[in-house]
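To keep things clear, I will list the structure first and then write my remarks on it.
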Amino acid sequence: MPKKVVSIIVFPGSNCDRDLAIAIQKHLNVKTEYIWHNEAKIKHHEMIFIPGGFSFGDYLRAGILATKSPAIKEVINFSKKGVPIIGICNGFQILTECKLLEGSLLVNKNQLFICKDIFLKIENKKSIFSKNIKKDILKFPIAHGQGNYYASKDSLKKLEDNEQVIFRYCSNKGSVKNKNNPNGSLNNIAGITNKKKNILGMMPHPERAISDKSTADGNIFFEGLKELL
Amino acid sequence: MSKISKEVIENHGISLAEFNMILKIIKREPNLLELGIFSVMWSEHCSYKSTKKWLKTLPTSGKRVICGPGENAGIVDIDDGDALVFKMESHNHPSFIEPYQGAATGVGGIMRDVFTMGARPIANLNSLRFGDPKHPKTKSLLTGVVKGIGDYGNCVGIPTIGGECFFHKCYNNNILVNAMCVGLVKKNKIFYSTAKGVGNPIIYVGSKTGRDGIHGATMASAEFDDKTQDNRPQVQVGDPFIEKLLLESCQEIMKQDAIIAIQDMGAAGLTSSSFEMASKGSCGVKLNLDKVPCREEKMSPYEIMLSETQERMLMIIKPNKKKLTLEVFKKWGLDAVEIGNLTDSGDMELFFNKKMVGKLPIKPLADMSPEYNRPAKKLKKNKLKKKYKDIPIHHALLKMISGPNHSSKKWIYEQYDRSVMGDTLMSSEQSDAAIVRIHDTNKAIAITCDCNPIFCNSDPKLGSAIGVAESWRNLIASGAEPIAITDNLNFGNPEKEHIMFQIKESIKGIKMACDYLKFPVVSGNVSLYNETKKKSIFPTPVIGGVGLINKTENIKGFKINLDDKIFIIGDSYGHLELSEYNRICGNNDGTPPPLNLKIEYKNGMFVKKFLKDYGDLVTGCHDISDGGLLLALAELCISNKKGMKIKLPKNTKKLKEWFFGEDQSRYLLVLNSTDDFKRIAKKNKVKISEVAIVENTDNFIVEDNFKIPIKKLIKYNNSWYKKFVDI
Amino acid sequence: MIYRVFVNYKKGILDPEAEAIKKTAKRMGFKSMKNISKGKFFDIEISEKKAGLEEIRNLSEELLSNPVIENFKILKK
Amino acid sequence: MIYRVFVNYKKGILDPEAEAIKKTAKRMGFKSMKNISKGKFFDIEISEKKAGLEEIRNLSEELLSNPVIENFKILKK
Ligand SMILES: Nc1ncnc2c1ncn2[C@@H]1O[C@H](COP(=O)(O)OP(=O)(O)O)[C@@H](O)[C@H]1O
Ligand SMILES: [Mg+2]
């Protein structure tokens, strides 16, 4: 049987595309195809990824300039058809800027870029992305300057009520406190879905945690996506 | 054309003798454009006129060297068809004027030097020197520089994985920002800068040319005065996004067999890049300056030739690949234009609106560039032995680990993306050298930056040799085979005899150590005139060492486990002069510890072989450098959040010497089994002694002396930066 | 013709940069300062007159500002 | 009393961000746009009248702008 194909959208300035492809191939028994941002057609849309990096230099607001690329129009079309879409880091920023996900990612509270390992609590396993994750706490690196999740009071309440929050920053034991919040995100939010729960955005980088000695939890995350394909 | 006045010549930093030389070369008066070109080509920065004579003496070959100094970066062989391309470069003056942009563009420049040669950058490091923390400018310089380095490398997507940061009042008005980049290339896919083929097109690609940093290269060759701080046009703004596009598009074109020669436009921009390419290939060059993409209106040929706008490259392309090349650049959204072609005239001919505006012979200009044997003389030191207080051992330790130079650099390195590209195995806080895996293999490389300016100031030759030895030792301690170095020689004004003396001595010291350790110099950079109001920096020859790790299993870091025993390897004499301990006691006099290269080599080879043959017995490894034995042990505890018990030496009368002496050629080995180790050390006649044992304790215990809770050590270690940047 | 577009955070969004500036200013001894907020502006030069303002409004909405967090305002310069 | 301080790049200094915005706007089809430049502004509320402007000038010079690459201008709101 020919392998299924997962699409990864690449913008000028993306820099996690290669590592994402490696992680996907390692776990999902699929091929990956890079879609250059200027392409108006996405041939393979069983699943779409938007990788991390600095699309268009992250100028103006991280992610905004990328939302004007033709490929994003396609992403929006497919999102309506229920295609699973995952945006990581810059991908998350792009998804909020094109309004596929609620809220916005502001400059980190300490105004600095932050690169370190953090712990993530899996808040609920009711989404297609989280239901097969075989652990309750994951350790991933973060590396971003704008990861401070913000949403208005109303939308935040809706997000929580509708169980759209998937990941929260926590301690190694899973406690979600202010001191485990690296960037000032409201409610320690690190990853959310849309209302229909076919789109996931997250700041931490599972694709950077698949072979390193300090954390290999990315493998668990990608294994959990198997059923989707 | 306007006649050239004495004042104009002087403003271009050209001496009378040099001007006469120009007249001899072109057999007429130069016009302003030509004078400008001479001035940048013959500036200290581009011509190395004060140091060339001495740099030539450095050992530059070795069994792994593919390309030594003379190209954009050095290249070494790391087996299996792979090679490493690396170099270090300074951006000291620009970073003092505008720390954020200065540091950022420094990182951009060194990455271009590396990817010009066909390599993909895989690691960035930086070596930083700031003034006294109490100096009013230090804080904003530190915050600006670190953010600039981080933002640039992060955006391009290259991990910044190591470096050093040191504060001393000698850098109050002359900070040092040295950036190093290491790239990976296939041995048969290396690109050089030698232009070839009459008629071949010259392609310009990258940012549009603006009026940025015109005379930047000559600025780097002139001593600062107070006015310099208002010097506006010198500042160049970096665009890491364009850099990323340049990197990716060049990599794409390099796969196409289109490029004959390629060179980044660094210092002295279009001038030096076109001259160097043509001169290497003994070609002539014709440039149509009106074709150069410009950002500003009405730019003159002079401005176009001398601009230092960042993120630009020049390449000679095979004529039949021109269309394809331009298409690739277009796909990446970059400005790419044919601005001229190669000729057989041997001249550089510059046209603007169809008129010839300058013509200079290429070979003579390069070959006859000035080379000075500047007078050098040792400065007599008046030894003032001040009285100073003797601080108790545990106070001294706490003071050290909570002071600016030995505090945790977390505040710095958390701003650097270290995990991008997924191959960082250790960043420099986890091991003596930063370690990055060669993608998709079981090989890795180790990289380190070192210099002890305190030693170099007292004895530049010995201090510089120690720098090389320390770099070598760091690589061995991390489990690597040392291969080669790049160096960045930061000094004051070479026209002063005592500074010239420092420079010559320092190069001698580097040569001595490199020769002995078979550790060649494959690239480097010189930054002179780091001097303000007659106050020079300490001599700061930064050494960037690179080593190879055959199997990632052989990597060693700062790891310790319960019940491990820790041994010191090498002789301890208790040399306290110029040590960190003496400095915190207020005593800054003396000489550096002696360095016996024979013993250095012997100890290093022993450790290297032991790690290779008996790696299973070794939990971790750490070299002993400034701060001595006790600081090295404390660093292990802090890094592992574990306690240990430290033994007293036989001679308890000289405890301070034992714990804080900075004798060279020593390592700490953390062993989980010791019998084989003792036997082999004895056989090799290597001096060893057991110094500590990792016990089940939350304390840092010095037998019969004191104990400090590890939590307290960590808290002290983490406090300085937070307080300093947050006040 | 040049229009200036002002973009700033909506009320209720904490701006850490403005907070930091305020803190530093106080420390530097600028006592009379009661509050500080910040924003960005864009000067946009357009060629034709008609439809220009409309275009600028669209640009501000779709690109220059993010309605989740920001307000904008257009002035003719 | 509120003063507004405008800060923008000096002439001739490259603004890569403005370049990127311009390119995107073109891609989006905003044809009438000839040029775009950008800057920041700060709204500063001060208590007393006298010496206030002087203080704001100092603040702009020392904190809000980077004199090496930026200009500033103060307007009363
Ligand atoms: N201190 C040094 N030791 C060894 N090589 C050096 C040293 N300084 C400069 N070089 C070599 O001289 C050449 C020119 O250097 P540089 O002008 O810095 O190049 P670029 O313009 O590409 O940055 C390079 O090949 C560099 O490696
Ligand atoms: Mg170069």
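Naming convention: chains lettered A, B, ... in sequence-line order (proteins, then strands); numbering from 1 in each chain. Everything numeric here is computed off the predicted structure, so don't read it as measured data.
- A 6.0 Å sphere centred on NZ of C:K10 holds more than 12 heavy atoms belonging to other residues, nucleotides or ligands.
- Enclosure of atom CG in A:N178 is not indicated, since only 12 or fewer non-hydrogen atoms of other residues, nucleotides or ligands lie within 6.0 angstrom.
- Using a 4.5 Å cut-off between heavy atoms, C:E62 touches chain A through backbone and side chain atoms alike.
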C:L63 vs A:L65, side-chain contact (heavy atoms from CB on, under 4.5 Å): CA-CA, chis, key distance, verdict
CA-CA 8 Å; C:L63 187 69; A:L65 300 185; 3.7 Å; yes
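- For chain C, the nearby part of A:K99 is the side chain; its heavy atoms alone come within less than 4.5 Å.
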Quick one, A:E97 with C:N66, criterion side-chain contact (heavy atoms from CB on, under 4.5 Å). Give me CA distance, side-chain angles, the key distance, then yes/no.
CA-CA 7 Å; A:E97 278 292 353; C:N66 177 348; 3.4 Å; yes
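- Under a cut-off of 6.0 angstrom, the local environment of NZ in C:K26 is crowded, with over 12 non-hydrogen atoms contributed by other residues, nucleotides or ligands.
- Atom CD of residue C:E70 and atom OG of residue A:S104 lie 7.5 Å apart, to the nearest 0.5 angstrom.
- Residue C:K40 touches chain A through its side chain alone, counting heavy-atom pairs closer than 4.5 Å.
- Contact record, A:Q111 with C:A20: NE2-CB, 3.4 Å, taken as the closest heavy-atom pair.
- Other residues, nucleotides and ligands place more than 12 heavy atoms under 6.0 Å from the NZ atom of A:K196.
- Of the listed residues (C:V7, C:D15, C:I13), the greatest number of heavy-atom pairs within a distance under 4.5 Å of chain A belongs to C:I13.
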Let's go through A:E102 and C:V68 carefully: what are the C-alpha distance in whole Å and the side-chain angles of both, what is the deciding distance for side-chain contact (heavy atoms from CB on, under 4.5 Å) to 0.1 Å, and is it a yes or a no?
CA-CA 9 Å; A:E102 207 98 3; C:V68 177; over 6 Å; no
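- The environment of A:K157 atom NZ is sparse: at most 12 non-hydrogen atoms of other residues, nucleotides or ligands sit within 6.0 angstrom.
- Proximity of A:L106 to C:Y9: side-chain heavy atoms (C-beta onward) are separated by under 4.5 Å at one or more points.
- At most 12 non-hydrogen atoms from other residues, nucleotides or ligands lie less than 6.0 angstrom from NZ of A:K109.
- Only the backbone of A:N108 comes within contact range of chain C, with heavy atoms under 4.5 Å apart.
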